[in-house]
Protein chains: 2
Amino acid sequence: MAESAKALETSARILDAAEKLFVEHGFHATSMRLITQAAGVNIAAVNYYFGSKDGLFKAVFERRAEPFSQLMLAHLEEAERANPVPSALQIVHAFTNAALQMGNEPDYGGQLFVKLLARTFVEPHPALKESMPRRYGEVSRRYIAALGRAMPHLSELELHWRFHFLSSALFNAFAGNNVLRLFMAQPIVNARDPELVARMLLPFVVAGLNAPSAG
Amino acid sequence: MAESAKALETSARILDAAEKLFVEHGFHATSMRLITQAAGVNIAAVNYYFGSKDGLFKAVFERRAEPFSQLMLAHLEEAERANPVPSALQIVHAFTNAALQMGNEPDYGGQLFVKLLARTFVEPHPALKESMPRRYGEVSRRYIAALGRAMPHLSELELHWRFHFLSSALFNAFAGNNVLRLFMAQPIVNARDPELVARMLLPFVVAGLNAPSAG
DNA sequence: GTACTTTTCAAACATGTGTTTGAAATTGTG
DNA sequence: CACAATTTCAAACACATGTTTGAAAAGTAC
């Protein structure tokens, strides 16, 4: 039962390298040899510690998933303590602050997890099908409920749509997926600076949330 | 120089199958054998007609890129004929109508191209680095300019940000990237119906565009 | 019908993939 | 120290990958 410091360090190094490479190139385009080489460990170490490449991906995800969900909840609860019925702006702030804090604290893996989430939206991985809703189901419901109190003119269904658009916008923005870079040779927006993204995005999504019903 | 009907049919079948599979599984997770099997052609046919897998991807993209950019331009120009200074709503309508029309006309490949675009935002392919800005640079500038006339209170930089958020939201929405499906077991939003998506999305993005400056 | 080009095809190519093996090295324990 | 469990490692495994080959088939032109 000896979990030596060295062993912990090895699996952590693998997780760090894999996280970075999965974000950069995606799951399929990242080979085991690339990961283990970047981590400076033997190629067999991944299977030794995580069973398989799929197991590694799941482990990479789960290391950040719980802290981030707790961060999201904590910021929402803080907003609700300050104001029993927080405004759309305050709710979005809770969301973005969670993402920004995740990016700032090195222990949470920088911006990487948010980027990984954004990637996973368009490239879902079977290994997450079960664990993610279990972790984020309640968080999502809490945010949607808060949005419902802030915008009572919207139906339950439309609230879900708004939350859908909100998350999509936030994660894509923070992930730095620069749509314009595909469309224009030299886009003048700098989608890499999270603080700037948050400042630019805020008025957009808050106004979107407060918009009248589609009817 | 004989371009027989059979040859045209073969390359078209490859393009159709590849387009569908690239959208479904992404570039790296789609093998040549899967493509050629789905198209009912020999595996060597891809290299014969398109040189390589990368060449095929580029060809898949370029078949739809020009029609879609022309559709986007045509709808914007139509809006500007009806009203010299179209509102944000009318500009977004031009955008969404182009996407919807692309989805409805079978000759344009259904919704597939929009989905492919959305995928390519997070998983850029080197083969498109040059051709896309050449095709969509002017279209983007025209839309941004139109947005600038509709919202004169925004700076050039902030206009680019708004257009960035707008395109991101539109493409992700139409691509059916269901963020909520990763977060909740049974999301009640149906992100697969383009008409419904457009109706739900419209008030959100229009209000977002019209929002006051971030200052 | 013959000569030529274009297209198809099965087979093989070299290389990359995730994974397993079994022994060596290291670490923890009595 | 000696014994056992844990961790590392080079090598090999079986298989999948994109690509190429060279001959057979189909099509075109005179």
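A note on names: the letters A, B, ... follow the listed sequences, proteins ahead of strands, and every chain is numbered from 1.
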From [atom1] of [X] over to [atom2] of [N], roughly how many Å is that when rounded to an integer?
| X | N | atom1 | atom2 | answer |
| --- | --- | --- | --- | --- |
| B/Asn42 | D/dT19 | CG | P | 14 Å |
| A/His28 | C/dG18 | NE2 | P | 11 Å |
| A/Phe50 | C/dT19 | CZ | C1' | 16 Å |
| A/Tyr48 | C/dG22 | OH | C1' | 14 Å |
| B/Asn47 | C/dA11 | CG | C1' | 15 Å |
| B/Gln37 | D/dG18 | CD | P | 13 Å |

Positions of residues 52-60 of chain B (non-hydrogen atom under 4.0 Å from DNA chain D), listed by number: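 By residue number: B/Ser52, B/Lys53.
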
Which ones in residues 29-36 of chain B lie close to DNA chain D, meaning a heavy atom under 4.0 Å from one of its atoms? B/Thr30, B/Ser31, B/Met32, B/Arg33

Pairs flagged by side-chain hydrogen bond (donor to acceptor under 3.5 Å, both in side chains) wherever residues 114-125 of chain A is involved - sequence neighbours left out: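 For residues 114-125 of chain A, and leaving out neighbouring residues, the side-chain hydrogen bond (donor to acceptor under 3.5 Å, both in side chains) pairs sorted by first residue read A/Asp54-A/His125.
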
Check whether more than 12 heavy atoms from other residues, nucleotides or ligands sit under 6.0 Å from atom NZ of B/Lys20, and answer yes or no.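 Incorrect, the count does not exceed 12.
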
Tell me, do [X] and [Y] make a side-chain contact under 4.5 Å, heavy atoms counted?
| X | Y | value |
| --- | --- | --- |
| A/Phe95 | A/His75 | no |
| B/Ser11 | B/Phe50 | yes |
| B/Thr96 | B/Leu201 | no |

Short side-chain N/O contact from A/Tyr49 to OP1 or OP2 of D/dT8, under 4.0 Å: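 Yes, A/Tyr49 has a side-chain N/O under 4.0 Å of OP1/OP2 on D/dT8.
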
Does a side-chain N or O from B/Thr10 land closer than 4.0 Å to OP1 or OP2 of C/dT8, or not?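 Affirmative; the distance criterion is met.
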
When rounded to the nearest 0.5 angstrom, what is the spacing between OH in B/Tyr136 and CG in A/Leu180? 14.0 Å

Could you say whether A/Phe27 or B/Ile43 is positioned toward the 5' end of DNA chain C, judged by the nucleotide with the nearest heavy atom to each? B/Ile43

Salt-bridge present (A/Arg162, A/Glu158; N to O < 4.0 Å): yes

Between A/Glu9 and A/Arg13, is the closest basic N to carboxylate O distance under 4.0 Å? yes

Short question: side chain of A/Tyr49, backbone of A/Ile14 - any donor-acceptor pair under 3.5 Å?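 Checking the backbone N and O of A/Ile14 against the side chain of A/Tyr49, no donor-acceptor pair under 3.5 Å is found.
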
